[in-house]
There are 2 protein chains.
Amino acid sequence: MNKTTNRRKSAAALPEFDAVLPRTRRAQIAETLRDLILTGKIAPGSQLVEQAIASRFGVSRGSVREAIWELVDQGIATNRPYAGTFVIDIDVKTMRELYSVRGALERYCFTEIWPRRTREFRTEFEARHATLVAAIQKQDRAEAIKAEMHFHSHPYEFSQNGVLLETWHQLSKRIQLSFAVSQVHVRGEDFIEECNRYLAAAIGDDLSMIHGEIDRHLQLGMDAIPHMDETGAEHADAVAPK
Amino acid sequence: MNKTTNRRKSAAALPEFDAVLPRTRRAQIAETLRDLILTGKIAPGSQLVEQAIASRFGVSRGSVREAIWELVDQGIATNRPYAGTFVIDIDVKTMRELYSVRGALERYCFTEIWPRRTREFRTEFEARHATLVAAIQKQDRAEAIKAEMHFHSHPYEFSQNGVLLETWHQLSKRIQLSFAVSQVHVRGEDFIEECNRYLAAAIGDDLSMIHGEIDRHLQLGMDAIPHMDETGAEHADAVAPK
DNA sequence: CAGGATTTGTGCGTATGTATA
DNA sequence: ATATACATACGCACAAATCCT
């Protein structure tokens, strides 16, 4: 039944790395659910009913249960004991917080890698940028979100700082979820221009410039927020006027 | 069998708040295990055997299994499919990363709260500081570690930024684990003096001063690291030019 | 390099606690 | 206040993979 675990050890030299680590049901279910949630196919606030998901996937409740808890621990679902597990419904305040913490993290990241950037760093960044632009022009919303995350992950991956990267991944999942919540339409040429500026600053020579771009870039994201209705925005304006 | 569920509803007015939120077995087991790990009573690298823990606690394997996965998702244990879950054995590189990311986070935190600090902020900070000093003087290692975490959590809690606080909690658990790994002895008067300086800067009027103190404070922690033997530091110098 | 012991991964039935309509 | 749906928890069985001798 598990077709992914055929590990043939041939005598030839194997250029393959990352040797197909055995994926458990738990991991597969969690990944599938996470994808469904982050792309908005499972609406925020939905209850994740174990039995329903189990029969839908054709697995046992136990596996589903564990997968669901993985989502809870990752912050994209929440659990009320004996009541159920529900997809997080991010409010405006949390979105602001996500952006502000991300800003601090990203400024720090660029500061760290700045003198260590190589030619490869730039070419890879440009490649991801091209993918992102293509996705935006195709008006493929899901693809664009994924591409943007991949684009912005690059400096973190390049930092060689595992803790920093993990922290970013934690944040990025919830940021991605916030995209699904606020139905921000695929932004057009303006946004492409914005990404161009970001990229230019990131591979340029002036550290303070990318810091400024980060602030601008995130400010744009926050400006798109107020379109949301006040679904749970009790503390929406607890932030000081800047 | 469950003796804690006798819920007598008397007619008298109940001054009790925080009405005993239902704690599941999963949560209790996870907390107990986490405490055992973070205080070093379960050594880093140990395998967490489900059946053994289950019979030790007198619960089913399923509950233990879920609790263990909570630890994995929190980053203080790691799982290899079909091989087992093991308490993380933090290496030197990861410790450095933890400290550096924490530094960035903490500088940002103070920057955010700086103009919003109230009198209450100061008094609470001083109270936690006093607790920490007392613990150090008592030479109670476990108590001191807990007190230090509580002390340093205060600015994050005061920030009213839930995302920032969660991120800190994630980091702090692993930092606490690193304390258990590196058998840093309870430091003496020097360290108390260090904490005094930190507190003074934190409640003072010069933002750049607390930024400097953060760097110094973390530098002290990193300086204590090289004492570690290479107990499981296989990848310790994977950063250096080979 | 076998092969058995150990441990995890998964499934299923069942009983009970809890929330909610 | 009752009923129902669901989560929580237990126990057992077996498959699958790893570890160890």
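Source: prediction; values computed, not measured. Naming convention: chains lettered A, B, ... in sequence-line order (proteins, then strands); numbering from 1 in each chain.
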Practice problem: With sequence neighbours excluded, tell me which residues meet side chain to side chain contact (heavy atoms under 4.5 Å, CB included) with A:Ile145. | Solution: A:Arg141, A:Gln176, A:Phe179

Exercise. Inspect the contact between A:Glu97 and A:Arg102 and indicate whether a charged nitrogen and a carboxylate oxygen are less than 4.0 angstrom apart.
Key: no

Self-check item: Of residues 57-74 of chain B, the positions that come close to DNA chain C - non-hydrogen atoms, cut-off under 4.0 Å
Solution: B:Arg61, B:Arg65

Could you pull out the protein-nucleic contacts involving nucleotides 19-21 of chain D (nitrogen or oxygen on both sides, under 3.5 Å)?
unit_1: D:dC19; atom_1: OP1; unit_2: B:Arg80; atom_2: NH2; d: 2.4

Self-check item: Pair A:Arg174 + A:Asp89, salt bridge at N-O below 4.0 Å
Solution: no

Quiz item: Can you tell me how far P of C:dT8 sits from OH of B:Tyr82, to the nearest Å?
Solution: 12 Å

Quiz prompt | Atom-pair distance (CD on B:Gln51; P on C:dT8), nearest Å | solution = 9 Å

Quiz item: Between B:Arg34 and B:Gln74, is any side-chain donor less than 3.5 angstrom from a side-chain acceptor?
Solution: yes

Self-check item: d(CZ, B:Arg23; C1', D:dA7) in whole Å
Solution: 17 Å

Self-check item: Length of the CZ-C1' vector between B:Arg25 and C:dT16, whole Å
Solution: 11 Å

Quiz prompt | Sub-4.5 Å side-chain heavy-atom contact between A:Met149 and A:Lys173 | solution = no

Exercise. Would you check if B:Met222 and B:Met95 make a side-chain contact, meaning some heavy-atom pair closer than 4.5 Å?
Key: no

Quiz prompt | Nucleic acid contacts - residues 41-49 of chain B versus DNA chain C, non-hydrogen atoms under 4.0 Å | solution = B:Gln47, B:Leu48, B:Val49

Exercise. Could you list all the salt bridge (charged side-chain N to carboxylate O under 4.0 Å, His left out) pairs where at least one residue sits in residues 49-64 of chain A, not counting sequence neighbours?
Key: A:Glu50-A:Arg65

Quiz item: Taking only residues two or more places apart in sequence, or in another chain, which ones meet B:His154 in a ring pair (Phe, Tyr, Trp, His ring centres under 6.0 Å)?
Solution: B:Phe121, B:Phe125

Quiz item: Knowing that exactly one of A:Thr39, A:Thr32, A:Leu33, A:Ile37 qualifies, which makes a side chain to side chain contact (heavy atoms under 4.5 Å, CB included) with A:Asp35?
Solution: A:Thr39

Quiz item: With a 4.5 Å heavy-atom cut-off, do A:Val101 and A:Leu171 have their side chains touching?
Solution: yes

Quiz item: If you look at every strand shown and take non-hydrogen atoms under 4.0 Å, does B:Glu50 touch a base, only sugar-phosphate, or nothing?
Solution: sugar-phosphate

Quiz item: Is B:Thr94 reaching over with its side chain to a backbone N or O of B:Ile90, donor-acceptor style, under 3.5 angstrom?
Solution: no

